[in-house]
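Every chain is numbered from 1, with letters handed out A, B, ... down the list of sequences.
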There are 2 protein chains.
Amino acid sequence: MKAAQPPKKRRKILPKEQRRQQLIEATIACIARYGLASTTMHMVTQEAGLSVGIANLHFETKENLLRETLRYVAEEYHTGQIDIMRGREAENLSDRLTALLNFQFGKGVTQRRKMSVWFAYYGEVGARPIYQKIVSAWDRAAARELESLFASIIQEGGYRDVDPGELAMGYSALIDGLHLALLVTPRELTKQSARKIGRDFLQRAFPNHI
Amino acid sequence: MKAAQPPKKRRKILPKEQRRQQLIEATIACIARYGLASTTMHMVTQEAGLSVGIANLHFETKENLLRETLRYVAEEYHTGQIDIMRGREAENLSDRLTALLNFQFGKGVTQRRKMSVWFAYYGEVGARPIYQKIVSAWDRAAARELESLFASIIQEGGYRDVDPGELAMGYSALIDGLHLALLVTPRELTKQSARKIGRDFLQRAFPNHI
DNA sequence: CGTAAGAATGAATGATCATTCATTCTAGGT
DNA sequence: ACCTAGAATGAATGATCATTCATTCTTACG
């Protein structure tokens with residue numbers, strides 16, 4: 001009786017950048033499925049369909065791979081937001097608000113896969129200064145952009161007694177909290193109602209823009 | 001040259017319940033300091049000033065210890081909230097709202113120590129069904145209580161077009177998001193302004209109660 | 001074709017860690 | 001003062017995992 005042969009796959013050689021990307025994607029998949037704590041190098045390389053040694057070749061250490069993965073995830077989310085806020089897609093201020101909501105509760109961002117990874121890293125921020133640095137740098141950039149968008153809206157609408165900085169902080173916190181709720185208690189909250197809650201927040205602040 | 005002798009401590013025997021509590025506290029301290037991923041049984045028992053074997057004696061496995069620690073932290077936070085919302089300390093509805101804010105941004109809850117632990121577990125929720133079960137059970141209980149408090153306020157104030165369930169979800173999400181911001185970007189947000197942001201949210205919804 | 005630069009492999013290594021359990025010690029009961 | 005139930009200890013064990021590196025394979029280029 002012969003053991004079933006794993007189909008001998010031909011070894012493929014690819015440029016460094018492509019392999020790095022492939023490993024980062026595999027890392028995201030593993031963290032979403034098994035958690036940051038129990039993800040091993042073996043799992044990651046297997047997920048990528050490669051051998052264990054490959055990770056060392058492209059990232060030196062596990063620590064590096066995890067750091068680069070966080071950088072990638074943080075950049076993807078925050079540049080998506082920032083592009084919308086800067087008005088790449090909509091000049092109109094009201095439309096930018098709607099586009100922002102659509103992005104924050106859209107298919108790309110609210111996948112369980114993505115949110116798991118996001119909060120897995122947040123959970124370690126308290127213990128790893130480097131994670132805190134990466135996340136807070138992006139957070140600050142997005143916060144500035146949001147504050148400036150809100151300031152424009154306040155001016156355009158002539159809204160009184162609203163501080164753009166405070167409002168931006170509140171809105172960001174609300175969005176993070178809603179993502180957390182979607183992850184932790186998905187039965188209590190749908191994407192649609194989460195989106196509505198975000199919308200209502202904006203509407204109370206900017207009644208003529210939403 | 002003699003190595004400095006660790007002062008031989010006399011072995012102390014204590015009731016099971018007290019040792020369990022001591023180990024849970026040590027676990028919280030370690031998670032806050034080193035993160036959930038790198039906390040070892042050695043660290044925990046050392047933090048408690050006990051030997052490694054003790055953990056097995058009272059909790060069987062590391063898994064159990066971590067689970068019981070989460071149960072303890074979740075219960076502490078949510079029962080604190082629920083007691084206030086039920087009006088143990090204040091019959092008046094407005095006072096209950098203020099008390100809730102004070103609790104959520106008070107000394108006890110917003111310590112880095114506590115918030116680190118809280119989010120460390122949230123980060124693993126995506127991968128460990130048992131954590132999700134514990135957290136979401138308490139979340140649901142607190143959400144129900146908050147919804148009922150909001151419903152009373154809506155009735156008392158005759159507020160129109162406000163859904164208590166939706167508002168409760170939004171408020172909880174906002175508070176979670178603010179705690180996360182306090183943990184991740186402490187330089188951008190003080191406890192005082194976080195509290196003010198929470199207050200403003202309530203004020204927009206219940207202008208006559210805050 | 002032939003060859004060499006370097007990409008990819010995976011068995012081996014050593015470090016870390018949870019768990020075990022034979023032994024030691026404590027304190028309440030007699 | 002003595003005894004014993006069972007609380008506490010910590011060296012030993014075995015499992016898991018990141019990392020290494022001698023070897024194999026691929027492909028671009030002459």
Side-chain angles (χ1 to χ4, degrees), chain A residues 3 5-27 29-31 33-70 120 124 127-128 130, chain B residues 3 5-27 29-31 33-70 120 124 127-128 130:
Chain A
Q5 287 294 5
K8 265 239 200 81
K9 42 210 141 197
R10 198 143 188 287
R11 193 190 279 190
K12 195 84 209 296
I13 287 184
L14 288 176
K16 249 174 148 36
E17 207 37 59
Q18 205 165 332
R19 282 276 183 252
R20 286 176 61 96
Q21 192 54 37
Q22 188 184 0
L23 287 167
I24 285 174
E25 293 290 350
T27 305
C30 288
I31 292 174
R33 203 171 316 132
Y34 310 110
L36 189 48
S38 24
T39 291
T40 70
M41 294 305 267
H42 195 85
M43 286 174 189
V44 171
T45 51
Q46 181 154 307
E47 171 75 27
L50 298 167
S51 65
V52 281
I54 197 86
N56 178 248
L57 185 63
H58 294 291
F59 289 96
E60 306 279 330
T61 64
K62 182 184 185 183
E63 188 59 30
N64 282 351
L65 173 59
L66 292 178
R67 194 174 54 235
E68 294 309 310
T69 301
L70 173 58
E124 287 290 301
R128 308 212 188 189
I130 183 65
Chain B
Q5 287 293 9
K8 269 241 197 81
K9 42 209 138 203
R10 202 144 186 287
R11 194 190 277 189
K12 196 88 209 294
I13 288 185
L14 288 176
K16 250 173 151 27
E17 207 36 61
Q18 204 165 333
R19 282 277 183 250
R20 286 175 62 96
Q21 192 54 39
Q22 188 184 0
L23 287 167
I24 286 174
E25 293 290 351
T27 305
C30 288
I31 291 175
R33 203 170 319 134
Y34 310 110
L36 188 49
S38 24
T39 290
T40 70
M41 294 306 266
H42 194 86
M43 287 173 191
V44 171
T45 50
Q46 180 154 307
E47 172 76 28
L50 298 167
S51 65
V52 281
I54 197 87
N56 177 248
L57 186 63
H58 294 290
F59 289 96
E60 306 278 330
T61 65
K62 183 183 184 181
E63 187 60 31
N64 282 350
L65 173 60
L66 292 178
R67 194 174 55 237
E68 294 310 310
T69 301
L70 173 58
E124 287 289 300
R128 309 212 187 186
I130 182 66

Nearest-nucleotide pick for Leu57(A), side chain only, options being dA27(C), dA8(C), dT19(C): dA8(C)
Arg19(A) vs dA8(C): side-chain N/O to OP1/OP2 distance below 4.0 Å: yes
N-O pairing of Glu25(B) and Arg20(B) below 4.0 Å: no
Given dT19(D), dT9(C), dT9(D), the nucleotide with the shortest approach to the side chain of Ile54(B): dT9(D)
Proximal nucleotide (of dA8(D), dA7(C), dT20(C)) relative to the His58(B) side chain: dA8(D)
Separation of atom NE2 in His42(A) from atom P in dA11(C), rounded to whole Å: 10 Å
Closest listed nucleotide, where the reference is the side chain of Lys12(B) and the choices are dA7(C), dA27(C), dA18(D): dA27(C)
dA27(C) OP1/OP2 closer than 4.0 Å to side-chain N/O of Arg10(B): yes
Partner of Asn64(A) by side-chain hydrogen bond (donor to acceptor under 3.5 Å, both in side chains), out of Glu60(A), Glu68(A), Arg67(A): Arg67(A)
Contact check, side chains of Phe59(B) and Ile24(B), non-hydrogen atoms, under 4.5 Å: yes
Atom NE2 of His42(B): over 12 foreign heavy atoms under 6.0 Å: no
Rounded interatomic separation in angstrom, taking CD from Glu60(A) and C1' from dC21(D): 14 Å
Lys62(B) NZ - dT16(D) P separation (whole Å): 15 Å
Between dT26(D) (C1') and Ile13(A) (CD1): distance, integer Å: 4 Å
Sugar-phosphate, base or nothing in reach of Thr45(B), heavy atoms under 4.0 Å: nothing
Rounded interatomic separation in angstrom, taking CD from Glu63(B) and P from dA15(D): 20 Å
Minimum-distance nucleotide to Asn56(B) side chain [options: dA8(D), dT19(C), dA18(D)]: dT19(C)
Interatomic distance where CG belongs to Leu14(A) and P belongs to dA28(D) [whole Å]: 11 Å
Options dA8(C), dA18(D), dA7(D), nucleotide nearest the side-chain atoms of Thr40(A): dA18(D)
Atom-pair distance (CZ on Arg11(B); P on dG6(D)), nearest Å: 16 Å
Gap between atoms CE and P, on Met41(A) and dG10(C) respectively (whole Å): 16 Å
Contact check, side chains of Ile130(B) and Leu70(B), non-hydrogen atoms, under 4.5 Å: no
